[in-house]
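Step one of this worksheet: look at the structure below.
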Amino acid sequence: MSRFFSDKYDKLTPYTPGEQPRDRQFVKLNTNESPYQPSPKAREYASKAAENLQLYCDIGCIALTARLAEMYGISAENILFTNGSDEALNFAFMAFCDASHPAVFPDITYGFYPVFADLNGVPYEELPLNDDFTVDVDAYCGVGKTVFLANPNAPTGIALPLSDVERIVGSNPDSVVVIDEAYVDFGAESAVSLIDKYPNLLVTQTFSKSRSLAGARLGMAIGDESLIRDLNTVKFSTNPYNVNTLTQAAGLGALEDDAYFRQNRAEIIRNRAYLTSELKKCGFITTDSSTNFVFAKHPDLDGERLYLALKERGVLIRHFTLDRIRDFNRITVGTRDQLDILLRNIKEILGGCL
Ligand code: PMP
């Protein structure tokens with residue numbers, strides 16, 4: 001830290017993203033990216049848009065917003081596009097949390113929430129997940145704080161039914177409830193259908209996973225017009241040009257190619273079932289994943305040892321050091337070929353289990 005670094009950040013521990021090694025070719029199953037390229041239409045639109053990069057981008061993401069509004073049957077005023085959904089989440093911490101509106105989220109969830117809270121000087125409480133890693137829904141009902149819930153949750157992969165989400169939102173009418181739906185397309189019920197009913201509900205989604213655009217950085221916040229106006233106040237006070245021209249074009253192409261999206265999603269869901277059943281045959285315990293990753297532990301193999309042994313063999317998965325989950329690893333669902341390489345290596349490490 002330099003002597004110039006502001007006191008307000010001197011205790012900040014930044015988020016640790018998954019490894020992105022450039023030195024060696026890994027089978028990369030550690031950051032929940034899609035194993036499939038972006039839609040050809042996304043690539044075509046982005047390359048056409050490159051012709052106009054001398055101009056600033058459209059600050060209102062007008063074409064993209066109109067398309068999503070039509071797809072979701074909502075109005076453009078209900079949507080804000082952001083630089084990845086991380087930015088939407090940070091904007092939500094900035095807009096809806098402070099000393100009198102503390103944040104609350106599970107003890108095991110997306111590791112960026114406490115970082116955003118600390119960055120913005122927001123006090124927060126972490127509510128323990130149940131022993132089976134499900135969310136303790138009653139603990140959030142009437143909690144009276146700004147709620148952040150990933151649904152499905154990460155890294156557990158477990159989804160809450162929409163009725164439970166609604167119970168939480170409905171019981172906190174004076175607090176914003178943010179539902180982070182980064183993985184919703186892989187099997188959970190979206191809360192977007194509830195935004196008309198609950199002015200305190202904000203949903204965030206991303207193009208990084210199911211639409212193969214992690215590198216483009218495109219996310220969105222969806223909610224009541226007044227919440228979106230507040231987020232726009234924050235956006236226009238930080239970075240009005242937050243979604244660049246290439247990304248807007250790629251996003252539009254991805255939205256227009258629904259068949260490609262559906263086909264890849266179906267393949268990932270099939271591969272998830274395959275990975276889960278093969279891991280179980282090897283003695284792993286897994287959670288019930290509604291995402292594009294599987295959260296698994298082996299009773300006889302330390303989580304960190306497995307992660308390190310696989311890394312040595314050129315396969316990357318994600319290990320977390322948090323106490324309650326240190327025996328687990330989070331494995332992104334890749335192509336069938338990638339999964340077969342992973343499974344072969346796991347079996348060798350375990351000394352052959354089949
Ligand atoms: N929420 C959760 C639960 C995530 O796992 C991620 C991905 N790291 C994000 C939000 C943010 O994704 P992005 O910024 O790429 O949209």
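Both counts, for ligands and for their atoms, begin at 1 and track the order of listing. Remember, it's a predicted structure, so these values are computed and weren't measured experimentally.
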Closest protein heavy atom (residue, atom, distance) for atom 7 (C) of ligand 1: K209 NZ, 3.2 Å
N-O pairing of D340 and R336 below 4.0 Å: yes
Modelled atom types, side-chain donor and acceptor of N244 and N83, under 3.5 Å: no
Atoms of ligand 1, numbered as shown, that sit under 4.0 Å from any heavy atom of A182: 1 (N), 2 (C), 10 (C)
Ring centers of Y183, F293 separated by less than 6.0 Å: yes
Shortest protein contact, atom 16 (O) of ligand 1 (heavy atom only): T206 OG1, 2.5 Å
Protein residue, atom and distance nearest to atom 8 (N) of ligand 1, heavy-atom basis: Y110 OH, 3.2 Å
Interfacing atoms of ligand 1 (cut-off 4.0 Å, heavy-atom, G84): 14 (O), 16 (O)
Cationic N near anionic O, under 4.0 Å, D138 to R167: yes
Protein heavy-atom partner closest to atom 12 (O) of ligand 1 - residue, atom, separation in Å: S85 OG, 3.4 Å
Spacing of L310 atom CG and N30 atom CG [to the nearest 0.5 Å]: 11.5 Å
Test side-chain contact (heavy atoms from CB on, under 4.5 Å) applied to T134 and I158, N153, D164, L129, the passing residue: I158
Protein contact of atom 11 (C) of ligand 1 - nearest heavy atom, named by residue and atom, plus distance: D86 OD1, 3.1 Å
Region of R217 that comes within reach of ligand 1 [heavy atoms, distance under 4.0 Å]: side chain
Region of S208 that comes within reach of ligand 1 [heavy atoms, distance under 4.0 Å]: side chain
Ligand 1 contact by Y183, heavy-atom criterion under 4.0 angstrom: yes
Under-4.0 Å salt bridge between K41 and E44: no
Heavy atom of the protein closest to atom 3 (C) of ligand 1 (residue, atom name, distance): D180 OD2, 3.4 Å
Pair R270 + E267, salt bridge at N-O below 4.0 Å: yes
